Protein chains: 2
Amino acid sequence: MSTQSVVTAIRVLEAVSDNQPAGLSELSREVDVPKATVLRMLRTLAELGWVAQSEAQAGKWVLTNHAFAVASRGSSGSVIRDAAMGPLNALQLDTTETVHLAVPDRGYMLIIERLDTQHVLRAFLPLGSRLPMHASSTGMAYLSAADEVFVNEYLAGPLEALTPQTVVDPAVLRAMIVDTRARGYSINEQGLSTGITSIGVPLLGPGGVAAGSISISGPSSRIVPAKYQEYGEAAAGTALEISRALGAFSTKGY
Amino acid sequence: MSTQSVVTAIRVLEAVSDNQPAGLSELSREVDVPKATVLRMLRTLAELGWVAQSEAQAGKWVLTNHAFAVASRGSSGSVIRDAAMGPLNALQLDTTETVHLAVPDRGYMLIIERLDTQHVLRAFLPLGSRLPMHASSTGMAYLSAADEVFVNEYLAGPLEALTPQTVVDPAVLRAMIVDTRARGYSINEQGLSTGITSIGVPLLGPGGVAAGSISISGPSSRIVPAKYQEYGEAAAGTALEISRALGAFSTKGY
DNA sequence: CTTCGTCGGTTCACTGGATGAACCATTGGT
DNA sequence: ACCAATGGTTCATCCAGTGAACCGACGAAG
């Protein structure tokens, strides 16, 4: 509506982010705004240190680290991170498996922290990875704590299969969410990546609303069904601790 | 100069980032722009999903995770990350200590990846942390590979001491940079955090320009002088591999 | 070698979107 | 009851943002 130049600028910024080394005409097409305007936006954003011309390829634009710095410093995730790091550390040491901390972003789960296993066989989810909710244990855990409206909306949308094992049937997913609620933790067997299994538990923020989730992941050869309960309960205990720190159960309410 | 509304919007965004749950008047003062304008910016940014009103405290504004997602997805760091993860993984397994990947941002080093040690005694630098260059091994390593102009500029600025051991004398720092160049790695003994020692090596990008750095860190009780050389050389080897992957030495030139 | 299509980047007259002083309603401290 | 903050609204003024048309350069195709 208002401040359309700002809207354009941000859309340009996001377009740059999506198309990494992006050319002017390319961006102009993407955002559907005249080149002159796009260029002005890029110049302005460059002055502010958010984008820069790629040194490798003249004329191509890239995001700078500054954008990342600003976003990560202030992200609402940082509150969660502060509350979570201690307990997560303990959980990682207990289970010896990789532990993730994720927060929701528009239907995806965003990995904002990771504590690694000491095992040689280990998988990586780079910081900033976006995982579809239905294909990850963190996502399903989050959905199990999210309000019905959000869940319905999400399940109504297109659900991509990342592996042959990814569950994309809304009815089945709904049943899995119910199971997750009853059990206290979600289980994802190779739905995100072949050979990887993970266990997720939701985190609650102030007022008891879903704020994110944590997970324990590892190769399916190590994270076997016999361990699900042990890991699930360990993660649930950790999540409870974090949620409490976030003020999920404080009488102060919201 | 131009597109001042965009400038204002971004400045508001950064102000929100810096003051976490920030109030309207507070931001107005910070950015030195009338409340009405700030509010319009906030509303626009909210429409775009970059900021939101805190649920906990009405009227307070916070960054959303979406900002983080956009920035981290497109960050120029992602190119480095892709090139670095493999070699870093090997380095972590070799040394068994915590390994960091950092990129520069306006005089700070930004931690964009971390691979954890398996030791119980371990320190955390949350992902997204900003470390002053002169107080970190990653920073000094970066400076050792950066061009003179940048180094002079940085050393001319205010240099904060984070611990009693932090070196803040420009002349001493300059000597340390020379040493780092000769040695191939930087050493930081408790200059960032008491009890933590770390070894850093710069990464070079296309054209041989400094692009970031990696480090090995751990408690000073484990990272003792006797190990400096071993770790330093291991890190240097890893850095060389990453720099090569980044095209630092490709004949293709800049 | 010429032509064509694309690229990144520039120019400039027009106008509608952005601006900010002054305003209101609430809240909390004394 | 008062005062000084807060978050949020209004609206006349005007200048910043817009975008069609332009340029020179490059690469592929004829």
Side-chain angles (χ1 to χ4, degrees), chain A residues 1-48 50-64 74 76 206-207 252-254, chain B residues 1-48 50-64 74 76 206-207 252-254:
Chain A
M1 319 285 91
S2 57
T3 53
Q4 43 132 300
S5 76
V6 173
V7 173
T8 307
I10 298 289
R11 289 184 58 221
V12 167
L13 193 65
E14 302 207 9
V16 171
S17 164
D18 283 336
N19 306 42
Q20 242 335 29
L24 178 59
S25 304
E26 184 183 354
L27 291 170
S28 168
R29 245 176 285 118
E30 191 84 23
V31 182
D32 195 30
V33 157
K35 285 190 299 179
T37 302
V38 171
L39 185 59
R40 227 163 354 91
M41 294 309 174
L42 287 170
R43 291 239 170 90
T44 304
L45 291 169
E47 259 175 49
L48 294 162
W50 281 64
V51 303
Q53 301 251 39
S54 161
E55 310 110 41
Q57 308 164 64
K60 297 289 184 176
W61 298 82
V62 293
L63 255 66
T64 63
S76 73
K252 190 81 188 301
Y254 77 97
Chain B
M1 318 284 91
S2 57
T3 53
Q4 44 131 300
S5 76
V6 173
V7 174
T8 307
I10 297 289
R11 291 184 58 221
V12 167
L13 193 64
E14 302 207 9
V16 171
S17 165
D18 283 335
N19 305 44
Q20 243 335 43
L24 178 60
S25 304
E26 185 182 355
L27 290 170
S28 169
R29 243 176 285 117
E30 192 83 22
V31 182
D32 196 30
V33 157
K35 285 189 299 178
T37 302
V38 171
L39 186 58
R40 225 163 357 92
M41 295 308 174
L42 287 170
R43 292 237 169 91
T44 303
L45 291 169
E47 261 176 47
L48 294 162
W50 282 62
V51 303
Q53 301 250 40
S54 161
E55 310 109 39
Q57 308 163 64
K60 297 291 186 178
W61 297 83
V62 294
L63 255 66
T64 63
S76 73
K252 192 77 187 301
Y254 83 104

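Note that the coordinates shown come from a computational prediction; the quantities given were computed from them, not determined experimentally.
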(message) The side chain of A:Trp61 is closest to which nucleotide in this list: D:dG19, D:dG8, C:dG9?
(response)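 Ranking D:dG19, D:dG8, C:dG9 by closest atom to the A:Trp61 side chain puts C:dG9 first.
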(request) Look at the side chain of A:Thr37 and decide which nucleotide, out of D:dT9, D:dT18, C:dG9, has an atom nearest to it. (result)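 Among D:dT9, D:dT18, C:dG9, the one nearest the side chain of A:Thr37 is D:dT18.
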Check whether any side-chain N or O of [X] sits under 4.0 Å from OP1 or OP2 of [N], and answer yes or no.
{"X": "B:Arg40", "N": "C:dA18", "result": "no"}
{"X": "B:Thr8", "N": "C:dA18", "result": "no"}
{"X": "A:Arg43", "N": "C:dT10", "result": "yes"}
{"X": "A:Gln4", "N": "C:dT15", "result": "no"}
{"X": "A:Ser25", "N": "C:dC7", "result": "yes"}

Distance in angstrom units between [X] [atom1] and [N] [atom2], rounded:
{"X": "A:Asn19", "N": "C:dC7", "atom1": "CG", "atom2": "P", "answer": "13 Å"}
{"X": "B:Leu42", "N": "D:dG8", "atom1": "CG", "atom2": "C1'", "answer": "12 Å"}
{"X": "A:Met41", "N": "C:dG9", "atom1": "CE", "atom2": "C1'", "answer": "16 Å"}
{"X": "B:Lys60", "N": "D:dA5", "atom1": "NZ", "atom2": "C1'", "answer": "12 Å"}
{"X": "B:Leu39", "N": "D:dC11", "atom1": "CG", "atom2": "P", "answer": "16 Å"}

(request) Supply the atom-to-atom distance B:Leu13 CG to B:Thr8 OG1, rounded to the nearest 0.5 angstrom. (result)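 The OG1 atom of B:Thr8 is 12.5 Å from CG of B:Leu13, to the nearest 0.5 Å.
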(message) If I take atom CD1 from residue B:Ile10 and atom CH2 from residue B:Trp50, how far apart are they, to the nearest 0.5 angstrom?
(response)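 It is 7.0 Å, given to the nearest 0.5 Å.
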(request) With a 4.0 Å heavy-atom cut-off, tell me which residues in residues 26-36 of chain A come close to DNA chain C, sorted by residue number. (result)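 Of all residues in residues 26-36 of chain A, the ones placing a heavy atom under 4.0 Å from DNA chain C are A:Arg29, A:Lys35, A:Ala36.
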(request) Measure the angle between the two terminal helix axes of the helix from C:dC1-D:dG30 to C:dT30-D:dA1, five base pairs each, and quote it to 10°. (result)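 The end axes of the helix from C:dC1-D:dG30 to C:dT30-D:dA1 are about 40° apart, to the nearest 10°.
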Can you check whether [X] reaches [Y] side chain to side chain, under 4.5 Å on heavy atoms?
{"X": "A:Leu42", "Y": "A:Val16", "value": "yes"}
{"X": "A:Ser17", "Y": "A:Leu63", "value": "yes"}
{"X": "B:Arg40", "Y": "B:Thr37", "value": "yes"}

(request) Please list, chain by chain and in numerical order, all residues satisfying side chain to side chain contact (heavy atoms under 4.5 Å, CB included) with A:Ala46, sequence neighbours excluded. (result)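 A:Ala46: side chain to side chain contact (heavy atoms under 4.5 Å, CB included) contacts with A:Val51, A:Trp61.
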(message) Please find the pair of heavy atoms, one from A:Leu45 and one from A:Ala9, that lie closest to each other, and give the distance.
(response)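 Nearest pair, atom of A:Leu45 first, then A:Ala9: CD1-O, 3.9 Å.
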(request) Taking all non-hydrogen atoms of both residues into account, name the closest pair between B:Met41 and A:Thr3 and its distance. (result)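 So the minimum-distance heavy-atom pair works out to SD-CG2, 4.2 Å.
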Without placing hydrogens or testing angles, list every side-chain donor-acceptor pair under 3.5 Å for residues 27-35 of chain B, not counting sequence neighbours.
| residue | atom | partner | partner atom | Å |
| --- | --- | --- | --- | --- |
| B:Ser28 | OG | B:Val33 | O | 2.6 |
| B:Glu30 | OE1 | B:Asn19 | ND2 | 3.4 |

